[in-house]
Amino acid sequence: MRILQLHCDSIEYTPTKKEIKSAEDIDNPQTQKLEELVVAFVAIEDGDDSSVAQNAISQIKNSMEKIGCKKLLLYPYAHLSSNLAKPSVAISLLKEMEDGASELEVSHSPFGWTKSYKLNVKGHPLAESSKVITKDSSDSKDSGEITSDALKGESKIRSYWKIMSPDGTLSNIADFNFSKHKKLEILAKYESAKVRRVDQPPPHVALMKKMAIADYEPASDSGNMRFFPNGRLIKSLIERFVNDKVKEYGGYEVETPIMYDSEHPSMVSYFNRFPARQYNIDSDGKKLFLRFAACFGQFLMANQYQMSYKNLPYKLYELTRYSFRREQSGELVGLRRLRAFTMPDCHAFCKDLPQAIDEIKIRFELSQNVLHGLGIVESDYEMAIRFTEDFYNENKSSIEELVKKHGRPVLVEMWKEKFFYFVLKWEFNFIDNLGKASALSTDQIDTENGERYGIEFVDEDNKKQHPIILHNSPSGAIERIIYALLEKAATDSKEGRKPQFPLWLAPTQVRIIPLKDEFNDFSDELFEKISAKDVRVDIDDRNESIGKRIREAEKEWIRYILVIGEKEKNSQNLSIRDRQTGDVREIPFDDFLNEIKEQTKGKPFTGLNLPKYLSKRPQLMV
RNA sequence: GCCAAUGUAGCUCAGCCUGGUUAGAGCAACUGAUUUGUAAUCAGUAGGUCGUGGGUUCGGAUCCCGUCAUUGGCUCCA
């Protein structure tokens, strides 16, 4: 017996004429309409008997319980098999199945009739499944869901999941000892077996609001965030840090349009290759789309260069504000997954594969350094690397070298054949404390787009060639970095440590609290002295108790608090309440400044992005 | 996109199941008192078309349907 089972919003069918002599008699062949049901197209095959029918109906009932549906239509459908049972047998087994589901609202469409039908299948993953049930197979084969056309291409990718240790040995996931690599285990299961174990909102969503960083913007589309002054300050510092690092590496910063003509020849072939999820805009007959990465702009730009092999590798860089992807609504979460995001994207045009491989090693270290500088440490992320089997066989030692640089075992996905435009891709995945994995840094070796975009250079033999292109995002989306930092803070807090930002990202680094109004002038002087040294300092001049003002500074994660009273006014030293210890220290001004400078060394600075006086500051309640 | 849960004052939440005076509390805001020594000073005032549209009802925050958003799961993540 073969069954195609569909969870439907509705079905409408009309018996048109008897197809065989032994067709069922029906009173009036009217159009029937049923709603919110499971339709099971059934082909009863030669050799099927009562046990097959019982088995089939119990499997159908099972899966209907899973999807919570109570209405079933059995729809005789000969075209599922070329080895059909005799109609008399078929009709009796069909009725037996119907009887076997009496606790459901069950019916069958007339047997032996030609019918026209219209049906609306729901789109969820369990909506479609096919079953083959035979007499000998006590437990039948359930071939699982039938994938939609859009996914068929993806499911064709045949890949093998492995773990590669720093010494280059490959092991099967099932054989690998994860006891010292818990996060890698999470990533491996997450990616290869799609295991998820979360049942609560990610903590960063509450934090991004409470810390007045970012929030949803109901007047925009989902996944398009607003950033408050604190959030903008943090984001812009991270952006500047990444920009500086990429420039140090040798990327040249450019700016390209955020929208493109989807009918432009180079886009057409790209779109054919990927069923894209993009924002579309119709403008005066032009079909524009919002970029989902900086690739297009940079490739079209590179196309204009007259390049020689002597110029390569040549690196273009852009920090997109924004890249847009119309992710499915159910996939959006806080700052982890957005529809509009800021992405550093650095392409290196290389003359050949050896050069590309040399370059990818340099960018690998760049990415490690960038994450480290942002406060994402090694134990926060796990590496995955994916490549085609051919690439592995020809470049084994280079792959092993990357894994060695990482220094810990990595998750490997090996593709039997090339499906994407790249032959190798690695990424660092942040694992949050709910066990969710999201990619931060990544790099790819792209062997296709040089040709697609007509990018050329002249080689040693005066021949035109297309470069190999590397696509690196040293940090991943900036919003995602903020997500990672907030999730880390939430973990700290859960485990009894004080949550905090790296000092260079703190919206306020030092807070001055004058004990009474009479110390306001002295506090102002101190404010000037400190902010002249490029430190973000503010003054809580509100008429509140000292306890309350300290409590609120604590809640804003402010590292240093200076309470100013008679004692401080008359002393050369400062009394500093250090949030990390909760203790008050008395130290000279210069020592205090040095302590701050030491922690913010090599990081960009920008001034306070809020009113200097707390009394002038509106409360942001989100 | 599919399935489910949630949506009440600026914020956090109670009330909803079992429909019935004027929808409550804490925090924040505002006014006044208080001038404070390291995580919440006291008193008072104001603030809500109960996400939104429709339906049932004499009567809807409360029951039903649609819709939007958020969160979780599935899927996806070039």
Side-chain angles (χ1 to χ4, degrees), chain A residues 7 9 66-69 121-128 145 147-148 150-151 153-155 157 190-191 194 196-202 205-206 209-210 212 215-223 270-271 273-278 292-293 295 325-334 336-338 341 386 419-422 425 427 429 434 436-439 442 444 446 448-449 471 476-477 480 498 511 513-520 542-556 561-568 575-579 582-584 618-622:
Chain A
H7 189 193
D9 287 321
K66 256 188 235 162
I67 54 180
C69 181
V121 182
K122 291 181 189 280
H124 66 86
L126 298 175
E128 303 166 304
E145 70 194 67
T147 44
S148 69
L151 296 172
E154 299 261 326
S155 64
I157 314 171
Y190 196 89
E191 288 289 329
K194 311 284 182 196
R196 315 288 142 105
R197 57 159 208 231
V198 188
D199 56 355
Q200 46 183 309
V205 175
K209 299 179 185 199
K210 210 153 68 186
D215 196 8
Y216 303 106
E217 173 51 75
S220 181
D221 189 27
S222 313
Y270 201 95
F271 272 97
R273 183 97 201 223
F274 299 104
R277 282 199 193 100
Q278 73 283 48
F292 27 99
C295 305
R325 291 185 195 172
R326 260 199 53 96
E327 308 292 7
Q328 299 181 76
S329 55
E331 296 166 1
L332 304 168
V333 216
R336 169 154 32 94
R337 200 83 193 279
L338 297 169
F341 52 94
R386 303 149 202 263
F419 177 76
F420 302 113
Y421 55 69
F422 45 80
K425 175 192 183 193
E427 84 247 343
N429 292 278
L434 299 177
K436 285 271 189 181
S438 10
T442 174
Q444 303 161 2
D446 169 359
E448 268 184 24
N449 282 308
H471 299 232
R480 196 169 269 187
K498 289 192 172 178
R511 170 149 303 162
I513 304 181
L515 211 51
K516 307 188 219 172
D517 294 348
E518 61 186 271
F519 303 114
N520 285 356
R542 295 171 306 163
N543 176 13
E544 298 287 355
S545 72
I546 192 76
K548 180 160 179 175
R549 284 182 285 170
I550 285 171
R551 177 181 152 85
E552 293 193 359
E554 283 279 348
K555 284 168 69 179
E556 287 180 56
I561 300 173
L562 310 182
V563 175
I564 303 301
E566 201 64 42
K567 199 175 88 198
E568 287 70 25
S575 303
I576 293 152
R577 187 185 201 278
D578 186 335
R579 181 163 172 274
D583 296 334
V584 180
Q619 286 281 327
L620 192 47
M621 305 302 295
V622 285

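This is a predicted model, so every value here is computed, not measured. Here is the naming used below: chain letters follow the sequence lines, and residue numbers restart at 1 for every chain.
In the set B:A39, B:C11, B:U38, B:U38 carries the atom at the smallest distance from any side-chain atom of A:Val584. Side-chain proximity of A:Arg325 to B:C77, B:G37, B:G72: nearest is B:C77. Comparing B:A39, B:A29, B:A40 against the side chain of A:Lys548 picks out B:A40 as the nearest. The listed nucleotides are B:G73, B:A39, B:U38; the one nearest the side chain of A:Ser575 is B:U38. The nucleotide whose nearest atom lies closest to any side-chain atom of A:Gln328 is, among B:A78, B:A39, B:C76, B:C76. Candidate nucleotides B:U38, B:A39, B:U36 were compared by shortest atom distance to the side chain of A:Lys516, and B:U36 ranks first. Considering only side-chain atoms of A:Asp517, the nucleotide from B:C76, B:U36, B:U35 that sits closest is B:U35. Side chain of A:Leu515, nearest nucleotide from B:U36, B:A28, B:A39: B:U36. Among the nucleotides B:U38, B:A78, B:U36, the one closest to any side-chain atom of A:Gln444 is B:A78. Listed candidates were B:U36, B:A29, B:A78. Nearest to the side chain of A:Ile546 is B:U36.
Under a 4.0 Å N-O distance rule, the pair A:Arg551/A:Glu544 does not qualify as a salt bridge.
B:U57 and B:G44 have their P atoms separated by 46 Å, given to the nearest Å.
Counting atom types as modelled, A:Glu331 pairs no side-chain N or O with a base atom of B:G73 as donor and acceptor under 3.5 Å.
Nearest-nucleotide mapping onto RNA chain B: of A:Ser329 and A:Glu554, the residue sitting toward the 5' end is A:Ser329.
Searching all strands for a Watson-Crick or G-U wobble partner of B:G1 with both distances below 3.5 Å returns B:C74. Nucleotide B:U45 has B:A29 as its partner under the Watson-Crick or G-U criteria, with both atom distances under 3.5 Å.
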